[in-house]
Protein chains: 2
Amino acid sequence: MLRAGGDPERLRILELLLSGELQVSEIAALTKAEMSTVSQRLRVLLSEELVKRRRNGRDMFYRLADSHVETLIRNVIDHADPSIPH
Amino acid sequence: MLRAGGDPERLRILELLLSGELQVSEIAALTKAEMSTVSQRLRVLLSEELVKRRRNGRDMFYRLADSHVETLIRNVIDHADPSIPH
DNA sequence: AAAATATATGATCATTTATTGAAATGTAAA
DNA sequence: TTTACATTTCAATAAATGATCATATATTTT
C-alpha cells in the first residue's frame with residue numbers, strides 16, 4: 001500500500017483526489033500525462049485500495065478509498081512540510 | 001518518504017520500532033537478515049527521515065523519527081487490517 | 001449497428017532498487 | 001597498542017518497477 005503511494009506521480013494523483021472526485025481524462029490533463037499512463041497509475045492505486053471508482057456513462061470517476069487514506073496523505077504532506085497549514 | 005516505507009522489510013523495521021529503540025544487531029536478529037542488509041535498509045529510512053539514531057559506545061540505536069511517523073505507521077496498519085485494536 | 005469517446009490491458013524495455021560478502025570505520029576492552 | 005566487536009560502506013549482481021504503445025473493452029450517440 002505504501003509502495004503504491006510511493007511513486008511521485010501516483011502520490012500526485014492522490015493529492016489531487018483530496019479535493020474530490022476526478023475522471024481519468026481530468027487527471028491526465030492536470031498531471032500532463034497520457035491517459036493510458038494515468039490509467040496504469042490508477043490501476044496500481046486501485047489494487048492497493050487507495051482509491052475507489054464509479055462509472056457514470058462513459059466516464060469513470062476516481063476518489064480516495066476512505067478516511068484512512070485521506071489521513072495518510074495529509075499526514076505525509078505534513079511530515080514533508082510541517083509549515084503548510086491543514 | 002512513502003517509497004522508503006513501501007518496502008515490506010523496511011516497513012517491518014518501522015513496525016518493530018513502534019515498540020521502542022533497537023540496535024542494528026537486534027533488528028537483524030528479529031528480522032533474520034544480515035546486518036549489512038539491515039544497515040542499508042536503515043540508511044534508506046534515515047535518508048527519508050523516518051527514523052533517527054544515536055550512538056552508545058559501539059552500538060547504534062534507531063528509533064522512529066517523530067510522532068508523524070508513528071501516526072503514519074499505525075494508520076497503515078489500521079488500513080491494512082482494521083480489526084486489530086490500537 | 002456503426003462511429004465516436006473514454007478507459008483498460010498486456011508486452012516490452014530502460015531504469016531503479018535491493019541484497020550480499022568483503023573490506024573499512026569507529027569504539028571499547030584486554 | 002593489539003584485539004574484539006558493532007556498524008557502515010562498497011561493488012557487483014539480481015530483481016522489481018514504471019513508461020510507453022498498440023490493442024482491447026465499454027458506453028453513448030447518431
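In what follows, chains carry the letters A, B, and so on, assigned in the order in which the sequence lines appear, proteins first and then strands, with residues in each chain numbered from 1.
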5′-ward residue of the pair N56(A)/R10(A) relative to DNA chain D: R10(A)

E70(A), CD atom: more than 12 neighbouring heavy atoms under 6.0 Å: yes

Greater than 12 external heavy atoms within 6.0 Å of E21(A)'s CD: yes

Distance in angstrom units between L2(A) CG and dT17(D) P, rounded: 13 Å

Cluster check L64(B), V44(B): I/L/V/M/F/W/Y, side chain < 4.5 angstrom: no

V24(A) to M35(A) - nearest heavy-atom pair and separation: CG1-O, 4.1 Å

d(CD1, I27(A); C1', dA6(C)) in whole Å: 13 Å

Spatial distance of atom CE (M1(B)) from atom CG (L11(A)) [nearest 0.5 Å]: 10.0 Å

Flag if over 12 foreign heavy atoms under 6.0 Å of CD, E15(B): yes

Distance, nearest 0.5 Å, that separates NE2 of H79(A) from CD of E48(B): 9.5 Å

Spacing between L45(B) atom CG and dT17(C) atom C1', to the nearest angstrom: 14 Å

End-to-end axis angle, where each axis spans five pairs of the helix from dA1(C)-dT30(D) to dA30(C)-dT1(D), to 10°: 30°

Separation of dT7(C) P from R54(A) CZ (nearest whole Å): 12 Å

I13(A) CD1 to dT7(C) P, straight-line distance once rounded to whole Å: 13 Å

Residue of the set D78(B), L14(B), L50(B) for which side chain to side chain contact (heavy atoms under 4.5 Å, CB included) holds with I73(B): L14(B)

Short side-chain N/O contact to dT16(C) OP1/OP2 from R3(B), under 4.0 Å: no

Reading 5' to 3' through nucleotides 4-12 of chain D, protein heavy-atom contacts under 4.0 Å coded B for base, S for sugar-phosphate only, - for none: BBSBBBBB-

